[in-house]
A.B. asks: 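Sharing a structure below in structure tokens format, with a few things to ask.
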Amino acid sequence: MTGPNILILGGTTEASALAQALAAAGIRGTVSLAGRVERPAPQALPLRVGGFGGAEGLAAWMRAGAVTHLVDATHPFAAAISRNAVAAARLADVPLVALTRPAWEAGPGDDWRRVPDMAGAVAALAGPPRRVMLAVGRMHLPAFAVQPQHAYLLRLVDPPREALPLREARVEVSRGPFTQAGDRALMQRHGIDLVVSKNAGGSGARAKLLAARALRLAVVMVDRPALPERDEVTSAGAALDWIAGR
Ligand code: 3Y8
Ligand code: NAP
């Protein structure tokens, strides 16, 4: 079977949108997820779940599947898979584009304290007890155990499967995309006075920043990890144009 065969490394709103656009255009492809959550959102293209086994495994998967284009539409903080994608595209001689989203920037009325990484966010929480909304997901929670003095509100995609590493923590189980009204009500209900957020960009996680601005809450904003050089687009339409052009 000839014609394009796209592999989308997914797990974001933009990846889901691109899958829908490809399916609507009758273009063959697959969405790939790591398998981080119990019930991943359904996709408009066939889904494969789980690691590939490093860059070599990803390259082998693309050769075996006769993949013609690789789109890295993973989250800006998913640094390992993005590095693997650059190496695998070269190994398998498959063109690569990243479908990413511009970083958020503080606007009027925002009270952000930018930190370079998650360790910087932990250090920024030193000091007297506060009521902190930790909206950074499950994987970084153990790092915050060194700041047990706070009352934490955690937002997780799945209910925690083991004891939480934080002395005082309440869990809000919900996957995004979120709304400003919903996040504002959540913060008021829990008396939040500080929000910790990754600079994810995009629309799916932005609500908490708009709610923090409205409530005049401080935000500790974690900058993105450095990623290797690669072609980048910031919309599904631009990704479709890139595919058509290659
Ligand atoms: C498994 C796949 C879609 C995709 C939706 C986006 C928006 C909602 C906002 C907050 C922040 C957080 C977290 C978040 C958002 C979108 C997008 C985004 C942030 C799903 C999904 C998978 C994951 C993995 C999960 C991480 C966690 C991060 C929760 C699907 C729902 C905090 C990142 O329990 C865990 O292990 C969760 C792990 C990686 C970060 C972490 O370190 O814990 N995402 N999120 C992907 C896979 O298996 O490959 O089911 O849809 C996708 C989405 N999450 O189609 O609408 O595009 O960013 N995801 C962050 O940005 O800070 C929540 O609470 O305000
Ligand atoms: P990561 O640290 O960059 O990747 C760790 C390993 O997980 C990779 O080396 C790879 O394993 C596997 N992997 C990651 N993404 C994959 C994918 N889409 N398909 C197949 N395997 C994948 O990744 P992460 O930060 O844990 O993120 C995992 C997933 O959650 C990604 O799909 C990402 O888009 C999504 N997500 C992450 C965040 C976040 O805050 N990190 C937020 C929203 C969504 P092998 O080396 O074995 O191939």
Side-chain angles (χ1 to χ4, degrees), residues 7-20 30-45 47-62 70-88 98-101 103-104 117-118 121 133-144 153-162 164 171-180 182-183 186-187 192 195-212 219-225 227-228 236:
L7 175 58
I8 302 172
L9 302 176
T12 59
T13 310
E14 290 75 11
S16 303
L18 177 58
Q20 279 176 358
T30 307
V31 175
S32 174
L33 295 179
R36 283 266 179 278
V37 299
E38 283 157 13
R39 282 177 311 287
Q43 294 290 335
L45 289 175
L47 180 64
R48 66 148 315 275
V49 180
F52 291 98
E56 295 71 20
L58 175 50
W61 197 94
M62 289 198 286
L70 178 60
V71 180
D72 175 2
T74 59
H75 189 276
F77 278 72
I81 186 68
S82 291
R83 291 190 190 110
N84 290 357
V86 170
L99 170 52
T100 184
R101 46 269 184 124
W104 293 315
D117 50 27
M118 207 53 76
M133 178 175 176
L134 260 193
V136 295
R138 175 176 60 89
M139 298 195 288
H140 304 281
L141 295 185
F144 289 89
L153 169 64
L154 311 178
R155 177 139 72 182
L156 302 176
V157 177
D158 294 319
R161 287 179 281 248
E162 62 270 335
L164 292 167
V171 176
E172 168 84 6
V173 176
S174 83
R175 69 173 59 223
F178 305 101
T179 64
Q180 178 180 352
D183 278 4
L186 178 69
M187 292 173 184
I192 298 301
V195 178
V196 180
S197 171
K198 291 176 182 171
N199 197 326
S203 54
R206 188 190 184 88
K208 60 186 173 290
L209 302 181
L210 301 175
V219 175
V220 171
M221 182 59 75
V222 184
D223 284 342
R224 301 170 168 193
L227 294 178

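As the structure lists them, so they are numbered: ligands from 1, and atoms in each ligand from 1.
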A.B. asks: Tell me which protein heavy atom sits closest to atom 31 (C) of ligand 1, plus the residue, atom name and distance to 0.1 Å.
C.D. replies: Arg175 NH1, 3.7 Å
A.B. asks: Shortest non-hydrogen contact from Pro76 to Arg101?
C.D. replies: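 Looks like CD-NE, 3.6 Å.
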A.B. asks: Please confirm whether Gln43 comes within less than 3.5 Å of ligand 1 when only nitrogen or oxygen atoms on both sides are compared.
C.D. replies: no
A.B. asks: What's the verdict on side chain to side chain contact (heavy atoms under 4.5 Å, CB included) for Leu154 and Met133, showing C-alpha distance, side-chain angles and the deciding distance?
C.D. replies: CA-CA 6 Å; Leu154 311 178; Met133 178 175 176; over 6 Å; no
A.B. asks: Closest heavy-atom contact between Ala85 and Leu70?
C.D. replies: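 Closest approach of Ala85 to Leu70, heavy atoms only: O-CD2, 3.8 Å.
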A.B. asks: Say you draw a straight line from NE2 of His75 to OG1 of Thr100; how long is it, rounded to the nearest 0.5 Å?
C.D. replies: 9.0 Å
A.B. asks: Please report whether atom 41 (C) of ligand 1 has a protein non-hydrogen atom at a separation of less than 4.0 Å.
C.D. replies: yes
A.B. asks: Hey, is Ala34 touching ligand 1 through its side chain, its backbone, both or neither, going by heavy atoms under 4.0 Å?
C.D. replies: both
A.B. asks: Distance-only, no hydrogens or angles: does the Thr12 side chain make a donor-acceptor pair with backbone N or O of Ala73 under 3.5 Å?
C.D. replies: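 Present.
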A.B. asks: Using non-hydrogen atoms of the residue, decide whether Val157 is closer than 4.0 angstrom to ligand 1.
C.D. replies: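 In this structure, Val157 qualifies as a contact of ligand 1 - some heavy atom is under 4.0 Å.
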A.B. asks: Give the atoms of ligand 1, by number and element, whose distance to some non-hydrogen atom of Lys198 is under 4.0 Å.
C.D. replies: 40 (C), 41 (C), 42 (O), 60 (C), 62 (O)
A.B. asks: For ligand 1, note which part of Phe178 has a heavy atom under 4.0 Å away: side chain, backbone, both or neither.
C.D. replies: side chain
A.B. asks: Are any of the side-chain nitrogens in Glu38 or Arg175 under 4.0 Å away from the carboxylate oxygens of its partner?
C.D. replies: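 The answer is no: the pair does not qualify as a salt bridge.
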A.B. asks: Show which atoms of ligand 1 fall inside a sub-4.0 Å distance from at least one heavy-atom site of Gly35.
C.D. replies: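 Every atom of ligand 1 under 4.0 Å from some heavy atom of Gly35: 47 (C), 48 (O), 49 (O).
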A.B. asks: Could you tell me the separation between the CG atom of Asp223 and the CG atom of Asp117, rounded to the nearest 0.5 Å?
C.D. replies: 9.0 Å
A.B. asks: Can you tell which of Arg155, Arg101, Met139 gets a heavy atom nearest to atom 10 (C) of ligand 1?
C.D. replies: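 Closest candidate by heavy-atom distance is Arg155.
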A.B. asks: Suppose we measure from atom 32 (C) of ligand 1 to each protein heavy atom; which comes out shortest, and what is that distance?
C.D. replies: Gly137 N, 3.2 Å
A.B. asks: From atom 7 (C) of ligand 1, is the closest protein heavy-atom distance below 4.0 Å?
C.D. replies: yes
A.B. asks: For Thr74, enumerate each residue passing the side chain to side chain donor-acceptor pair (under 3.5 Å) test, keeping only those at least two apart in sequence or located in another chain.
C.D. replies: Asp72, Ser82
A.B. asks: For Ala135, which part has a heavy atom under 4.0 Å from ligand 1: side chain, backbone, both, or neither?
C.D. replies: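 For Ala135, backbone and side-chain atoms both sit under 4.0 Å from ligand 1.
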A.B. asks: Can you pull out the closest protein heavy atom to atom 9 (C) of ligand 1? Residue, atom name and distance to 0.1 Å, please.
C.D. replies: Ala205 CB, 3.4 Å
A.B. asks: So between Gly176, Ala207, Gly11, Gly204, whose heavy atom ends up nearest atom 53 (C) of ligand 1?
C.D. replies: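 Of the listed residues, Gly11 has the closest heavy atom.
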A.B. asks: Quick one: does atom 19 (C) of ligand 1 have a protein heavy atom under 4.0 Å from it?
C.D. replies: no
A.B. asks: Starting from atom 56 (O) of ligand 1, what is the nearest protein heavy atom, named by residue and atom, and what distance separates them?
C.D. replies: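 The closest one turns out to be Thr13 OG1, 3.8 Å.
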A.B. asks: Taking the side chain as every heavy atom from C-beta outward, state whether Met187 and Val195 have any atom pair closer than 4.5 Å.
C.D. replies: yes
A.B. asks: Rounded to the nearest 0.5 Å, how far apart are CZ of Arg83 and CG of Leu227?
C.D. replies: 6.5 Å
A.B. asks: To the nearest 0.1 Å, how far is atom 60 (C) of ligand 1 from its closest protein heavy atom, and which atom is that?
C.D. replies: His75 NE2, 3.5 Å
A.B. asks: Any idea which atoms of ligand 1 are less than 4.0 Å away from a heavy-atom of Ser16?
C.D. replies: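 Listed by number with element, the hits are 3 (C), 55 (O).
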A.B. asks: If every non-hydrogen atom of Phe178 is compared with every non-hydrogen atom of Ser174, which pair is closest and at what distance?
C.D. replies: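 Minimum heavy-atom separation between Phe178 and Ser174: CE2-OG, 3.1 Å.
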A.B. asks: At a 4.0 angstrom heavy-atom cut-off, what protein residues surround ligand 2?
C.D. replies: Gly10, Gly11, Ser32, Leu33, Ala34, Arg36, Arg48, Gly50, Gly51, Phe52, Gly53, Gly54, Thr74, His75, Phe77, Ala78, Ala79, Ala80, Ile81, Asn84, Met139, Lys198
A.B. asks: What atoms in ligand 1 come closer than 4.0 Å to a heavy atom of Arg138?
C.D. replies: 34 (O), 35 (C), 36 (O), 41 (C), 43 (O)
A.B. asks: So, does Val136 sit close enough to ligand 1 that a heavy atom of it is under 4.0 Å from the ligand?
C.D. replies: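 Right, Val136 reaches ligand 1.
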A.B. asks: Cut-off 3.5 Å, no hydrogens considered: what does the side-chain donor-acceptor table look like for residues 198-206, sequence neighbours left out?
C.D. replies:
residue	atom	partner	partner atom	Å
Lys198	NZ	His140	NE2	3.3
Asn199	OD1	Trp104	N	2.8
Asn199	ND2	Trp104	O	3.1

A.B. asks: If you measure from OG on Ser32 to CH2 on Trp61, what distance do you get to the nearest 0.5 Å?
C.D. replies: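 Those atoms lie 7.0 Å apart.
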A.B. asks: Do you know which two heavy atoms are closest between Leu156 and Gly137, and how far apart they sit?
C.D. replies: CD2-C, 3.8 Å
A.B. asks: Would you mind listing which atoms of ligand 1 come within a distance below 4.0 Å of any non-hydrogen atom of Lys208?
C.D. replies: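 Those of ligand 1 that fall under 4.0 Å from Lys208 are 10 (C), 11 (C), 65 (O).
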A.B. asks: Which option wins on minimum heavy-atom distance to atom 23 (C) of ligand 1: Val37, Val49, Val173?
C.D. replies: Val37
A.B. asks: Non-hydrogen atoms of Gly202 versus ligand 1: any pair closer than 4.0 Å?
C.D. replies: no
A.B. asks: Report the residues that fulfil salt bridge (Lys or Arg N to Asp or Glu O under 4.0 Å) with Arg155, sequence neighbours left out, ordered by chain and then residue number.
C.D. replies: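 Here the qualifying residues are Asp183.
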A.B. asks: Taking N or O atoms only and a 3.5 Å limit, does Pro177 qualify as a polar contact for ligand 1?
C.D. replies: no
A.B. asks: Could you check whether atom 48 (O) of ligand 1 has a protein contact, counting only heavy atoms that fall below 4.0 angstrom?
C.D. replies: yes
A.B. asks: Would you name the heavy atoms of Leu45 and Ala19 that are closest together and state the gap between them?
C.D. replies: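 Taking Leu45 first and Ala19 second, the nearest heavy atoms are CG-O, 3.7 Å.
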A.B. asks: Nearest 0.5 Å, what's the CG-CG distance between Leu9 and Asn84?
C.D. replies: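 CG of Asn84 is found 9.5 Å from CG of Leu9.
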A.B. asks: Could you check whether any side-chain heavy atom of Ser197 comes within less than 4.5 Å of a side-chain heavy atom of Val222, counting everything from C-beta outward?
C.D. replies: no
A.B. asks: Run the side-chain hydrogen bond (donor to acceptor under 3.5 Å, both in side chains) check on Thr30 and Arg48 step by step: do they pass?
C.D. replies: CA-CA 7 Å; Thr30 307; Arg48 66 148 315 275; over 6 Å; no
A.B. asks: In terms of atom number and element, which parts of ligand 1 are under 4.0 angstrom from non-hydrogen atoms of His140?
C.D. replies: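 Reading through ligand 1 atom by atom, the close ones are 42 (O).
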A.B. asks: In ligand 1, which numbered atoms sit nearer than 4.0 Å to a non-hydrogen atom of Ala200?
C.D. replies: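 Those of ligand 1 that fall under 4.0 Å from Ala200 are 61 (O).
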A.B. asks: Nearest 0.5 Å, what's the CZ-CE distance between Phe77 and Met118?
C.D. replies: 6.0 Å
A.B. asks: Ignoring hydrogens, tell whether any protein atom lies closer than 4.0 Å to atom 28 (C) of ligand 1; use the non-hydrogen atoms only.
C.D. replies: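 Under 4.0 Å from atom 28 (C) of ligand 1, zero protein heavy atoms found.
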A.B. asks: Using a distance threshold of 4.0 Å (strictly less than), state whether atom 51 (O) of ligand 1 has a protein heavy-atom neighbour.
C.D. replies: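 So atom 51 (O) of ligand 1 has protein heavy-atom neighbours under 4.0 Å.
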A.B. asks: As a check for students: among Thr74, Leu33, Val222, identify the option with a heavy atom nearest to atom 46 (C) of ligand 1.
C.D. replies: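 Nearest option to atom 46 (C) of ligand 1, by heavy atoms: Leu33.
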A.B. asks: Could you pull out the closest heavy-atom pair between Arg36 and Asp158, with the gap in Å?
C.D. replies: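 Heavy atoms only, the tightest pair is O-OD2, 4.2 Å.
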